[in-house]
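Structure first, commentary second.
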There are 2 protein chains.
Amino acid sequence: MLDPGLFKALGDPTRITLLACLAKCGRPCAVGEIAQCCAVDLSVVSRHLRLLADAGVLDSSKSGRTVFYAVRAGPLAGALRRLADELERCCPADRRAPGSGRCCGSC
Amino acid sequence: MLDPGLFKALGDPTRITLLACLAKCGRPCAVGEIAQCCAVDLSVVSRHLRLLADAGVLDSSKSGRTVFYAVRAGPLAGALRRLADELERCCPADRRAPGSGRCCGSC
DNA sequence: TGCGTAGTTGCGTCATTGTGCAAATGCTAG
DNA sequence: CTAGCATTTGCACAATGACGCAACTACGCA
């Protein structure tokens, strides 16, 4: 559930810029288009987009020689909400008092 | 809104382990307690916990010479849900067709 | 078949970051 | 004041990751 992979993918400023650009656009965009959003090399953009796709954040589709990327908004939003639910389930508002010994038995 | 800082903080396996342990415990825990959750040095745990607190993930409180950390579940869950909402607002299900030119005008 | 465009990959470099050990700090108790 | 425990900080080292450039592949078009 708490997978560092997704967060790792979202933890880079350049990737966040690309993701924001793509989200704002709201449609599948080619690599070259997206690259105009930030000042880094096209090859860097290509690598970042693939990484985001591998992490499940983006969806990639090829048409001829151009590759389109789009935000997988639905699944991503679902994962974030599930995470939020699980967090609140684990840590209720009426919290137990601080204790000593082991933090939790299982880890 | 889309701040890489939070994701960066959550993007490390050791930090996720600590966070999961702390969430499962459901109460404020001392640094020494939490350190039993994973195999790294105590100093490393201390650094990770501070980093998570700086990112707004954890809450720290000092009592005597022991420092207690607890998950800020409410604010964190809220931030995740807001992010999910924004994502779905930006990228509706009936997506526009792929186009050419600039991805989006503003970035 | 030859050329131009779109994107990817290899490689070297540099900055960041995770880690452990040892020393230092902060606080409590005797 | 001294001893001792909980945590933090300094330092060095190794691993990771972002970046740019250049070479390469893949595809469409004349």
Side-chain angles (χ1 to χ4, degrees), chain A residues 3-22 25 27-55 57-70 98-103, chain B residues 3-22 25 27-55 57-70 98-103:
Chain A
D3 173 36
L6 172 65
F7 300 120
K8 211 167 185 176
L10 297 176
D12 180 73
T14 305
R15 281 195 288 272
I16 286 292
T17 301
L18 295 173
L19 177 61
C21 175
L22 211 38
C25 189
R27 59 166 173 80
C29 293
V31 177
E33 285 180 85
I34 310 170
Q36 299 180 322
C37 290
C38 59
V40 299
D41 195 80
L42 179 64
S43 67
V44 174
V45 173
S46 173
R47 268 187 279 251
H48 279 314
L49 291 175
R50 168 184 288 269
L51 194 150
L52 286 170
D54 287 345
V57 177
L58 300 183
D59 196 45
S60 75
S61 59
K62 201 168 182 177
S63 166
R65 58 188 163 181
T66 67
V67 177
F68 290 98
Y69 283 97
S100 50
R102 289 186 67 92
C103 167
Chain B
D3 174 37
L6 172 65
F7 300 119
K8 210 167 184 176
L10 296 176
D12 180 72
T14 305
R15 282 195 288 273
I16 287 292
T17 302
L18 296 172
L19 177 61
C21 175
L22 211 37
C25 188
R27 59 165 174 82
C29 295
V31 177
E33 285 180 85
I34 311 171
Q36 299 180 322
C37 290
C38 59
V40 298
D41 194 80
L42 180 63
S43 67
V44 174
V45 173
S46 172
R47 269 186 278 250
H48 279 313
L49 291 174
R50 168 183 289 269
L51 194 151
L52 286 171
D54 287 345
V57 177
L58 300 183
D59 196 44
S60 75
S61 60
K62 202 169 183 178
S63 165
R65 58 189 162 185
T66 67
V67 177
F68 290 98
Y69 283 98
S100 52
R102 289 186 68 92
C103 168

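Small disclaimer: the values here were computed from a predicted structure and weren't measured. A, B, ... follow the sequence lines: proteins, then strands. Residue 1 opens every chain.
Considering only residues two or more places apart in sequence or on other chains, A:D41 meets the side chain to side chain donor-acceptor pair (under 3.5 Å) condition with A:S43. Residues that satisfy the side-chain contact (heavy atoms from CB on, under 4.5 Å) test with A:L6, not counting sequence neighbours, are A:L10, A:V57, A:L76. Residues passing the side-chain contact (heavy atoms from CB on, under 4.5 Å) test with B:R65, sequence neighbours excluded: none.
For the residue pair B:D12 and A:P4, the shortest heavy atom distance occurs at C-CB, 4.2 Å.
Within the 4.5 Å cutoff, no side-chain heavy atoms of A:L49 are placed close to those of A:S60. Between B:L58 and B:L19, the closest side-chain pair of non-hydrogen atoms falls below 4.5 Å. Two residues are said to be in side-chain contact when any heavy atoms from C-beta on lie closer than 4.5 Å; B:D59 and B:F68 fail this criterion. Put simply, the side chain of B:L18 reaches to within 4.5 Å of the side chain of B:V45, judged on heavy atoms. The side-chain heavy atoms of B:K8 and A:F7, taken from C-beta on, include no pair separated by under 4.5 Å.
Atom P of nucleotide C:dA6 and atom CZ of A:F68 are separated by 11 Å, given to the nearest angstrom. Taking atom CG of B:L51 as the reference point, atom C1' of C:dT19 lies 14 Å away to the nearest angstrom. Between the P atom of C:dG7 and the CG atom of A:L52 lies a distance of 16 Å, rounded to the nearest Å. What separates NZ of A:K62 from P of C:dT5 is a distance of 19 Å, to the nearest Å.
For residues 5-15 of chain A, proximity to DNA chain C is found at no residue, defined as any non-hydrogen atom under 4.0 angstrom from a strand atom.
With B:C29, the cysteine B:C21 has an SG gap of 2.5 Å or longer.
Read 5' to 3', the first and last nucleotides of DNA chain D with an atom closer than 4.0 Å to a heavy atom of chain A are D:dG17 to D:dG28.
Under the 3.5 Å distance criterion, the side-chain polar atoms of B:S46 are left unmatched by any main-chain donor or acceptor of B:L42.
Taking the nucleotide of DNA chain D with the nearest heavy atom to each of B:Y69 and B:R65, the more 5' of the two is matched to B:R65. With DNA chain D read from its 5' end, the first of the two nearest nucleotides for A:V40 and B:T66 is the one closest to B:T66.
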Please tabulate, one pair per line, each protein N/O and nucleotide N/O from nucleotides 22-25 of chain C that are separated by under 3.5 Å, including the distance.
none

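Using a 4.0 Å heavy-atom cutoff across all strands shown, A:R47 reaches at least one base atom of the nucleic acid.
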